[in-house]
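Computed from heavy atoms alone, side chains included, the values below leave out hydrogens, waters and symmetry copies. All values reported here derive from a predicted model rather than from experimental measurement.
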Amino acid sequence: MTLPFPDIELSEGLIRKFDKSGPRYTSYPTADRFRSDFSEQSYQHYLGQRADNGSNPPLSIYVHLPFCESLCYFCACNKIITKDHGRAAEYLRYLDKEMALVASRIGSDRKTVQLHLGGGTPTFFNADELRQLMAMLRSHFDFAPDAELGVEIDPRTVGDGTLSMLAELGFNRNSFGVQDFDPAVQQAVNRIQPLEMVEKAVAESRKANFQSINADLIYGLPKQTVGSFSITLDSLIRIAPDRIALYNYAHLPSRFKAQRQIVESDLPSAEERLQIFLMSTRRLLDAGYVYIGLDHFSKPDDELNKARLDNSLHRNFQGYTTRAECDLIGFGVSAISKVGHSYSQSVRTVSAYYQFLDAGALPVEKGIALNKDDLLRRHIIMTLMCSAPLVMAAINSAHGIDFETYFAREMSLLQQYADAGLITIEREAIRVTAQGRLFVRAVAMVFDHYLVQPTTSTYSKLI
């Protein structure tokens with residue numbers, strides 16, 4: 001069966017053929033390829049290179065705030081479940097220590113165009129603590145007047161004045177974890193949040209003049225059916241957030257302890273999951289949303305879609321972004337940084353994080369220094385992930401190669417996607433077609449050198 005959409009023909013046959021497990025490519029190499037021999041000294045080296053460089057890319061900052069009051073059974077994030085809000089103040093003190101250490105090594109060029117607070121639950125922190133956090137950040141970094149400041153919000157933590165307070169602190173983008181409005185699904189995943197709660201939070205966000213409001217949905221959760229999820233979509237389409245992320249739940253209880261609370265017999269079958277995806281995509285496109293890529297939809301006038309149309313879309317650890325390539329500085333437990341030709345990740349536990357900082361050391365657990373081949377393949381993979389034209393002459397000029405010779409094997413493997421109408425291979429460029437945007441992960445995997453090497457990671461399905 002083929003379903004026509006405004007700019008996509010979505011074929012069940014193609015999905016069944018090309019729906020495989022693979023990375024999401026928020027980086028290349030992917031985080032499962034980071035190495036323990038990339039140390040604090042390695043990270044300091046790349047921070048120092050930036051300090052010595054007269055011309056640097058702007059900064060994007062991510063702060064991981066790990067605390068949650070209750071456990072959502074589907075969650076695969078690095079979080080700490082606690083009702084002890086006193087832990088937030090201690091964590092802020094150590095975040096300030098980490099910021100000071102990075103600032104002392106990075107040099108005076110600290111222009112920042114993007115900030116994202118993730119978790120955990122950032123709004124676990126009270127208003128005074130969030131004001132303190134923003135004061136710390138502004139004391140160490142120079143925020144551009146038009147900087148994007150985004151925050152993830154659990155609707156259950158929104159009280160009177162929460163959204164206006166966040167707006168006063170400079171936040172202009174937010175994202176609400178909706179997942180599903182069905183009470184039976186919410187009960188099955190231990191996340192009870194009535195529809196009215198989300199409606200109110202979105203309305204207050206608009207009143208506070210947030211420029212872009214996102215809502216996250218997850219399909220494949222226990223108790224979900226095509227019919228029940230369609231009702232959830234009815235409500236969300238009526239609420240009309242600017243962006244919608246439609247995530248595929250990956251049930252990996254061997255990796256994520258929280259997921260062991262889910263009753264596996266309650267999970268929808270692979271066939272029903274596919275039908276939920278097909279129905280959801282049809283509903284969102286029929287409602288006027290534009291498919292950006294992977295899990296993301298936006299209204300036509302949203303800046304994400306504008307960036308898609310003018311080929312300025314980018315991708316990093318926060319997903320799709322409109323900002324040009326930045327150096328990313330991550331703060332907090334498990335946060336990932338990208339500085340120069342390197343990635344690094346912090347330790348995952350609060351105790352280890354505090355121990356490093358008490359010793360005056362950056363809390364680096366692992367990372368990777370990119371070689372020339374990594375940089376070349378990252379350029380290609382990230383271009384494909386944003387469905388932008390892959391212009392071979394530009395690749396040749398930037399990396400000093402002959403594309404068709406260097407990638408003779410990959411060009412042969414790409415032919416199956418060209419034959420299926422997912423890409424076009426022209427003399428000067430490889431282009432992702434409209435329906436090919438659904439399969440960019442599969443196309444990008446062709447260029448992933450690390451996939452031929454073993455890994456302990458289990459990747460999610462493409463769809």
Side-chain angles (χ1 to χ4, degrees), residues 21-53 56-57 59-64 76-78 98 101-102 105-106 114 116 118 255 314-319 321 325-349 352-353 356 361-386 395 398-401 406-407 410 441 444-460:
S21 298
R24 297 181 56 80
Y25 293 118
T26 50
S27 70
Y28 180 83
T30 49
D32 58 308
R33 306 297 178 173
F34 294 179
R35 298 157 51 104
S36 59
D37 59 1
F38 187 100
S39 64
E40 185 218 9
Q41 289 72 31
S42 307
Y43 185 36
Q44 286 195 40
H45 167 75
Y46 285 98
L47 292 173
Q49 279 192 342
R50 182 180 168 92
D52 296 337
N53 192 348
N56 289 308
L59 292 174
S60 174
I61 294 175
Y62 172 76
V63 183
H64 190 75
C77 298
N78 184 23
E98 186 181 11
L101 284 173
V102 170
R105 289 161 171 80
I106 205 170
Q114 199 170 47
H116 187 84
R255 286 183 59 192
H314 289 266
R315 188 159 174 78
N316 62 20
F317 287 102
Q318 281 72 63
T321 174
E325 188 72 11
C326 297
D327 274 347
L328 171 66
I329 304 291
F331 293 108
V333 291
S334 72
I336 296 177
S337 299
K338 179 186 79 70
V339 178
H341 297 166
S342 75
Y343 294 107
S344 59
Q345 185 168 20
S346 293
V347 293
R348 293 186 58 84
T349 67
Y353 179 70
F356 268 88
L362 292 167
V364 175
E365 180 177 85
K366 56 186 177 179
I368 190 168
L370 278 64
N371 59 35
K372 289 183 178 180
D373 183 71
D374 293 333
L375 294 170
L376 166 61
R377 292 176 185 272
R378 179 173 73 178
H379 186 168
I380 291 169
I381 287 172
M382 293 307 174
T383 299
L384 290 170
M385 290 298 293
C386 294
I395 297 290
H399 298 276
I401 65 162
Y406 196 100
F407 292 113
E410 287 82 356
R441 287 169 70 187
M445 286 167 64
V446 170
F447 291 93
D448 188 336
H449 172 72
Y450 290 89
L451 287 181
V452 301
Q453 303 175 16
T455 178
T456 58
S457 293
T458 303
Y459 298 121
S460 63

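- Considering only residues two or more places apart in sequence or on other chains, Ile395 meets the side-chain contact (heavy atoms from CB on, under 4.5 Å) condition with Leu376, His379, Ile380, Leu390, His399, Ile401, Phe403.
- His116 NE2 to Tyr62 OH: the interatomic distance, rounded to the nearest 0.5 Å, is 6.0 Å.
- Residues that satisfy the side chain to side chain donor-acceptor pair (under 3.5 Å) test with Tyr28, not counting sequence neighbours, are absent from this structure.
- Of all non-hydrogen atoms in Pro23 and Thr30, the two that sit nearest each other are CB-CG2, 3.7 Å.
- One finds the OG atom of Ser36 at 11.5 Å from the CD1 atom of Ile368 (value rounded to the nearest 0.5 Å).
- For the salt bridge (charged side-chain N to carboxylate O under 4.0 Å, His left out) test, no residue two or more places apart in sequence or in another chain qualifies with Arg378.
- Listed by chain and residue number, nothing satisfies the side-chain contact (heavy atoms from CB on, under 4.5 Å) test with Ala51 (two or more places apart in sequence, or in another chain).
- Scored by the side chain to side chain donor-acceptor pair (under 3.5 Å) test, Tyr43 finds Ser337 as partners (sequence neighbours excluded).
- A search for salt bridge (charged side-chain N to carboxylate O under 4.0 Å, His left out) contacts involving Arg377 returns Asp373, Glu410, not counting sequence neighbours.
- In this structure, the side chains of Gln345 and Lys366 come closer than 4.5 Å at one or more pairs of heavy atoms.
- For the atom pair Ile106 CD1 and Asn56 CG, the distance stands at 8.0 Å (nearest 0.5 Å).
- When all heavy atoms of Phe38 and Ala369 are compared, the pair lying nearest together is CD1-N, 3.8 Å.
- Counting only residues at least two apart or in different chains, salt bridge (Lys or Arg N to Asp or Glu O under 4.0 Å) contacts with residues 340-349 are absent.
- By the side chain to side chain donor-acceptor pair (under 3.5 Å) test, Ser346 is found to be paired with no residue, residues two or more places apart in sequence or in another chain being considered.
- The salt bridge (charged side-chain N to carboxylate O under 4.0 Å, His left out) check on Asp448 picks up nothing, with sequence neighbours excluded.
- Side-chain contact check for Tyr25 versus Leu384: every heavy-atom pair is 4.5 Å or farther apart.
- To the nearest 0.5 angstrom, Ser39 atom OG is 11.0 Å from His45 atom NE2.
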Please tabulate, for the side chains in residues 325-333, all donor-acceptor contacts under 3.5 angstrom to protein atoms that are two or more places apart in sequence or on a different chain.
| from | atom 1 | to | atom 2 | distance (Å) |
| --- | --- | --- | --- | --- |
| Glu325 | OE2 | Lys338 | NZ | 3.0 |
| Asp327 | OD1 | Gly340 | N | 3.2 |
| Asp327 | OD2 | Arg50 | NH1 | 2.7 |

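- Atom NE2 of His341 has 12 or fewer neighbouring heavy atoms from other residues, nucleotides or ligands inside a 6.0 Å radius.
- The side-chain contact (heavy atoms from CB on, under 4.5 Å) search around Thr26 returns Arg315, Phe317, not counting sequence neighbours.
- Closest approach of Asp374 to Leu370, counting heavy atoms only: OD2-CA, 3.5 Å.
- Judged purely by atom type and a 3.5 angstrom limit, Asp52 has no side-chain atom pairing as donor or acceptor with the backbone of Gln49.
- Asn316 CG to Ser27 OG: the interatomic distance, rounded to the nearest 0.5 Å, is 10.0 Å.
- Screening residues 37-47 for salt bridge (Lys or Arg N to Asp or Glu O under 4.0 Å), with sequence neighbours left out, gives Arg35-Asp37.
- To the nearest 0.5 Å, the span separating CG on Leu451 from CE on Met445 amounts to 5.0 Å.
- Val339 has its side chain out of reach of Ser344: every pair of non-hydrogen atoms, C-beta onward, lies at least 4.5 Å apart.
- Using a 30° and 60° split on the angle between ring planes, Tyr343 and Phe34 fall in the parallel class, below 30°.
- Across all non-hydrogen atoms, the minimal contact from Ile336 to Ala31 is CD1-CB, 4.2 Å.
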